[in-house]
Amino acid sequence: MFSIILAAGWPIWPLLFASIVAVALIIERLAALRQAKVLPAGLLQRVVADYRQQGVNESSLAALEAQSPLGRVLAAGLRNVGSSREVMREAIEETGGVVAHDLERYLTTLGTIASISPLMGLFGTVVGMIEIFGSQAPTGSNPVQLAHGISVALYNTGFGLLIAIPSMIFWRHFRALVNSFVIDMQQQAIRLVEILHGERQA
């Protein structure tokens with residue numbers, strides 16, 4: 001592997017750095033965007049049961065907010081349980097926007113790496129082609145320099161694609177996952193509003 005890196009020349013070092021960042025972001029997002037961590041099963045039912053037993057208090061709301069992104073959205077609704085349905089919905093939507101932004105953390109960077117990696121590989125290819133043409137002389141070509149230029153061109157192109165393809169796959173997967181989480185949180189929050197206001201009117 002090290003010999004390949006040496007053969008690819010200096011243009012591959014930015015690609016290596018991009019690959020390390022991409023792998024770190026993918027691992028971090030895989031850990032952060034687990035369903036059990038974002039949308040704990042049965043949380044809405046537990047929140048409703050706790051509200052019926054002890055009402056709303058600041059300590060329970062703080063614990064709910066710290067538990068998960070869904071907990072933050074539901075806590076926003078509970079903080080405004082004495083207000084109208086419209087006020088509760090607005091509070092939930094505002095918090096939902098902040099939560100959605102947090103869930104999308106680092107995805108822009110991952111998408112950028114997926115987009116620019118082929119261009120960085122293309123840059124390495126151009127550098128290799130320059131070395132190839134630079135090795136040509138009126139008296140003949142230098143085989144060693146010619147081979148080195150070809151190596152730089154091909155290795156950088158291949159490595160750029162090797163980084164871009166999985167980065168793009170995971171970027172699209174994470175974006176779809178976040179959208180699914182946001183929709184699910186909205187539905188559960190609306191259900192909370194309907195339950196609490198239904199009980200208040202009963």
Side-chain angles (χ1 to χ4, degrees), residues 18-117 163-202:
S19 69
I20 293 170
V21 173
V23 169
L25 294 180
I26 289 170
I27 293 173
E28 191 277 338
R29 287 292 87 188
L30 284 173
L33 295 179
R34 289 177 290 121
Q35 175 139 2
K37 188 172 182 178
V38 179
L39 300 170
L43 180 60
L44 175 61
Q45 291 74 17
R46 293 197 300 272
V47 167
V48 172
D50 290 343
Y51 171 76
R52 288 170 177 167
Q53 289 180 359
Q54 58 187 17
V56 178
N57 59 76
E58 193 59 36
S59 61
S60 63
L61 289 177
L64 180 61
E65 287 177 331
Q67 184 178 12
S68 64
L70 175 59
R72 290 172 61 186
V73 174
L74 298 180
L78 287 173
R79 287 185 189 279
N80 295 274
V81 70
S83 305
S84 65
R85 191 185 305 245
E86 289 72 23
V87 171
M88 284 186 70
R89 284 177 179 269
E90 288 178 5
I92 286 171
E93 288 175 359
E94 289 178 3
T95 304
V98 175
V99 169
H101 181 268
D102 290 343
L103 292 176
E104 291 176 348
R105 182 182 301 165
Y106 306 131
L107 294 190
T108 300
T109 304
L110 185 60
T112 301
I113 291 174
S115 300
I116 68 172
S117 292
I163 297 170
I165 292 171
S167 296
M168 180 62 71
I169 290 172
F170 277 102
W171 177 75
R172 292 180 68 87
H173 168 69
F174 291 143
R175 287 295 302 271
L177 200 59
V178 168
N179 290 338
S180 173
F181 286 156
V182 170
I183 291 172
D184 203 342
M185 283 190 288
Q186 288 175 344
Q187 291 176 341
Q188 294 200 44
I190 291 172
R191 179 62 180 156
L192 177 69
V193 173
E194 298 300 328
I195 291 173
L196 298 185
H197 269 272
E199 292 183 355
R200 286 178 57 196
Q201 294 172 0

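Side-chain contact check for L196 versus L78: some heavy-atom pair is nearer than 4.5 Å. Counting only heavy atoms from C-beta outward, the side chains of R89 and Q186 never approach each other to under 4.5 Å. The closest side-chain heavy-atom distance from Q54 to S60 is below 4.5 Å. Counting heavy atoms from C-beta on, the side chains of M185 and L103 come closer than 4.5 Å. Looking at heavy atoms from C-beta onward, R105 lies out of side-chain contact with E28 at the 4.5 angstrom threshold. Side-chain contact between R52 and I195: present, with at least one pair of heavy atoms (C-beta onward) separated by less than 4.5 Å. Put simply, the side chain of Q67 reaches to within 4.5 Å of the side chain of L43, judged on heavy atoms.
A donor-acceptor pair is defined here as one N or O able to donate and one able to accept, closer than 3.5 Å; no such pair exists between the side chain of W171 and the backbone of A114. Counting only distance, with no hydrogens or angles, the side chain of T95 and the backbone of I92 share no donor-acceptor pair below 3.5 Å. Distance alone, capped at 3.5 Å, places no donor-acceptor pair between the R29 side chain and the I26 backbone.
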Check the pair F181, Q35 against side-chain contact (heavy atoms from CB on, under 4.5 Å), reporting the backbone distance first and the verdict last. CA-CA 8 Å; F181 286 156; Q35 175 139 2; 4.1 Å; yes
Dump the intermediate steps for side-chain contact (heavy atoms from CB on, under 4.5 Å) on F174 and L30, then the final yes or no. CA-CA 8 Å; F174 291 143; L30 284 173; 3.8 Å; yes
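Here the closest heavy-atom approach between residue L61 and residue R79 is recorded as CD1-CG, 3.5 Å. E65 and A75 make their closest contact through CG-CB, 3.4 Å (heavy atoms, listed as atom of the first residue, atom of the second, distance). Nearest approach of L192 to L74, heavy atoms of both residues: CD2-O, 3.6 Å.
For the side chain to side chain contact (heavy atoms under 4.5 Å, CB included) test, no residue two or more places apart in sequence or in another chain qualifies with N179. The side chain to side chain donor-acceptor pair (under 3.5 Å) check on T108 picks up nothing, with sequence neighbours excluded. Under the side chain to side chain donor-acceptor pair (under 3.5 Å) criterion, D102 pairs with R72, not counting sequence neighbours.
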